[in-house]
Asker: 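Got a structure here, written out as structure tokens. Questions coming.
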Amino acid sequence: MAEQYHASMQNEYRQRLNRVVDYIDTHLEEELSLARLADEANFSKYHFHRIFSSSIGETLGAYIQRLRLERAAGYLGSDRNRTVTEIALDLGFSSPAVFSRAFRDYFGMSPSRWRDGGHAEHSKNCKLQSNRYQPLSSYRQATQVKSSYTQLKNHEWRIFMKTAQNQLEYTVAVSEQPEKTVAYVRHTGPYAGDEGLFEELFGRLMRWAGPRNLFDPEKSEMITIYHDSPEITEEEKLRISVCLTVPPKTEVTGEIGKMTMPAGRYARAEFLLSPEQYGDAWNSLFAGWLPESGYQCAEGPCYEVYLNDPNEHPEGKHQVAICLPVKPL
């Protein structure tokens, strides 16, 4: 009984921390007071700092600042219509000087230098160059991938991709996607090239979902969300969520979290891939299709949807959709 009690308490803490981490991630451009976050986690504000830092491995303030700086780095690389000052103030920094100092301390260069090409010099994770499960990055130089495409009709394209080792065709369609509610298991740390890790994470999720009759092979979507870019975020702090779509009112327990993926306009590219082609697929979408599509990345999660069981494919191929939020350029 004592072991069950302690396990229950650990699960309760994990679930509350999942809630507050999700809240921070979706409200970075708002004021994030200690009182508000402690309330979101349903912890006393007097103890919340210690609970958070002990569980997450960073102080609350350091965690929020790191995510804001990493988001700023993404804005600097992808949205040249916003000035450095606008980005700094939008992300809650008290002044451009404070932002520039924090950015330089973290990335080793000024925001302006980053925007002018410094990001290409910066990589904290050179070892994450496996072609399997590379998260998208607007800074990846995909010189090994050559793509050509034909626009079939408005908002739909067929792409031919060629690399030194592979070639394949895929389609991209841009459409409005509905809001999705997902249950998830989250992982923080290295993941590239580790297929066993993904199998283990999905296994934990399905062992929870199966007895609750939450998996429907005809309707359920199995998804991986990549929250961070490995060229910006340190390897030990990279976050992914393996997810299953569930009804909005689903109750979650223990390590299982629940979040809402917002409705919006997404580009959905469908591939038939060998495991080693995942990196090329992401690169082709970002460096081949996107720059000539008339779209740019918008806010929101970028993710993979798994459409088949590779074990049932005669060649062991993975049918997968890569989805990224977009807006007009």
Side-chain angles (χ1 to χ4, degrees), residues 1-72 90-94 98 102 106 179-191 200-201 204-205 207-209 212 214 223-228 233-244 246-262 299-301:
M1 292 292 293
E3 290 181 358
Q4 291 178 344
Y5 174 78
H6 288 303
S8 176
M9 291 301 97
Q10 289 172 352
N11 285 338
E12 176 66 17
Y13 265 59
R14 185 180 293 123
Q15 189 175 10
R16 291 189 189 187
L17 286 166
N18 277 341
R19 285 205 307 267
V20 78
V21 166
D22 288 340
Y23 184 87
I24 291 170
D25 206 39
T26 55
H27 294 79
L28 271 180
E29 298 184 21
E30 302 174 16
E31 181 181 356
L32 293 170
S33 68
L34 173 62
R36 178 68 191 90
L37 296 177
D39 183 64
E40 185 69 24
N42 200 23
F43 284 123
S44 163
K45 67 180 181 180
Y46 299 104
H47 301 292
F48 180 59
H49 266 302
R50 176 166 292 179
I51 292 169
F52 186 93
S53 60
S54 297
S55 301
I56 303 300
E58 292 178 270
T59 66
L60 180 62
Y63 180 83
I64 293 171
Q65 172 130 317
R66 176 174 65 81
L67 291 191
R68 283 175 167 162
L69 288 169
E70 290 169 358
R71 184 162 295 182
D90 287 348
L91 282 169
F93 290 90
S94 58
V98 169
Y106 189 69
E179 181 178 275
K180 302 177 192 286
T181 301
V182 296
Y184 66 83
V185 172
R186 182 161 294 155
H187 169 77
T188 301
Y191 57 81
E200 191 266 334
L201 293 172
R204 282 155 52 187
L205 181 61
R207 284 193 293 274
W208 170 84
R212 292 166 174 79
L214 291 172
I223 294 168
T224 296
I225 299 174
Y226 298 98
H227 298 280
D228 305 296
T233 304
E234 294 178 358
E235 181 181 18
E236 292 76 14
K237 296 172 182 176
L238 291 168
R239 298 166 300 154
I240 59 171
S241 298
V242 299
C243 310
L244 178 72
V246 295
K249 294 183 179 180
T250 299
E251 296 291 331
V252 295
T253 56
E255 70 167 338
I256 308 298
K258 186 176 76 170
M259 62 180 162
T260 300
M261 298 172 64
E299 285 301 299

Asker: Hey, is the main chain of Pro248 close enough, under 3.5 Å, to the side chain of Lys258 for a donor-acceptor pair?
Answerer: yes
Asker: Passes side chain to side chain contact (heavy atoms under 4.5 Å, CB included), Arg212 versus Thr253? Steps please.
Answerer: CA-CA 12 Å; Arg212 292 166 174 79; Thr253 56; 3.9 Å; yes
Asker: Heavy atoms, side chains only, cut-off 4.5 Å: are Thr26 and Thr260 in contact?
Answerer: no
Asker: Side chains of Thr188 and Arg239: is there a donor and an acceptor less than 3.5 Å apart?
Answerer: no
Asker: Can you check whether Ile256 reaches Val185 side chain to side chain, under 4.5 Å on heavy atoms?
Answerer: yes
Asker: Step by step, would you call Arg71 with Glu29 a side chain to side chain contact (heavy atoms under 4.5 Å, CB included)?
Answerer: CA-CA 10 Å; Arg71 184 162 295 182; Glu29 298 184 21; 4.2 Å; yes
Asker: Just so I know, are the side chains of Met259 and Ile225 near enough to count as touching, which here means a heavy-atom distance under 4.5 Å?
Answerer: yes
Asker: What are the two closest non-hydrogen atoms of Ala41 and Arg16, and how far apart are they?
Answerer: O-CD, 2.8 Å
Asker: Calculate, to the nearest 0.5 Å, the distance between atoms NE2 and CD belonging to His27 and Glu40 respectively.
Answerer: 7.5 Å
Asker: What heavy-atom pair brings Val252 and Gln15 nearest, and what distance separates the two atoms?
Answerer: O-NE2, 2.7 Å
Asker: In the structure I gave you, are the side-chain heavy atoms of Arg186 and His227 within less than 4.5 Å of one another anywhere?
Answerer: yes
Asker: Which heavy atom of Leu205 sits nearest a heavy atom of Leu244, and at what distance?
Answerer: CD2-N, 3.7 Å
Asker: Go through Val20 and Phe48 one step at a time and tell me if the side chain to side chain contact (heavy atoms under 4.5 Å, CB included) criterion holds.
Answerer: CA-CA 11 Å; Val20 78; Phe48 180 59; 3.8 Å; yes
Asker: Rounded at 0.5 Å granularity, tell me how far CG in Asp228 sits from CD1 in Ile240.
Answerer: 10.5 Å
Asker: Hey, does Leu69 have a side-chain heavy atom less than 4.5 Å from the side chain of Arg66?
Answerer: no
Asker: Can you tell me how far OH of Tyr63 sits from CZ of Arg68, rounded to the nearest 0.5 angstrom?
Answerer: 12.0 Å
Asker: Report the C-alpha separation of Ile64 and Leu37 in whole Å, then their side-chain angles, then the decisive distance to 0.1 Å, and conclude whether the side chain to side chain contact (heavy atoms under 4.5 Å, CB included) test is met.
Answerer: CA-CA 11 Å; Ile64 293 171; Leu37 296 177; 3.8 Å; yes
Asker: Show the nearest heavy-atom pair for residues Val246 and Val182, with the distance to one decimal.
Answerer: CG2-C, 4.0 Å
Asker: Should the pair Glu58-Lys237 be classified as a salt bridge under the 4.0 Å nitrogen-to-oxygen rule?
Answerer: yes
Asker: Has Glu179 got more than 12 heavy atoms of other residues, nucleotides or ligands less than 6.0 Å from its CD?
Answerer: yes
Asker: With a 4.5 Å limit on heavy-atom distance, are the side chains of Ile223 and Ser241 in contact?
Answerer: no
Asker: Do the side chains of Thr250 and Thr181 get nearer than 4.5 Å, heavy atoms only?
Answerer: no
Asker: Do Leu17 and Phe52 have side chains that get closer than 4.5 Å, going by heavy atoms?
Answerer: yes
Asker: I need the Tyr23 OH to Leu32 CG distance, nearest 0.5 Å.
Answerer: 6.5 Å
Asker: Can Arg19 and Asp22 be counted as an ion pair, charged N to O under 4.0 angstrom?
Answerer: no
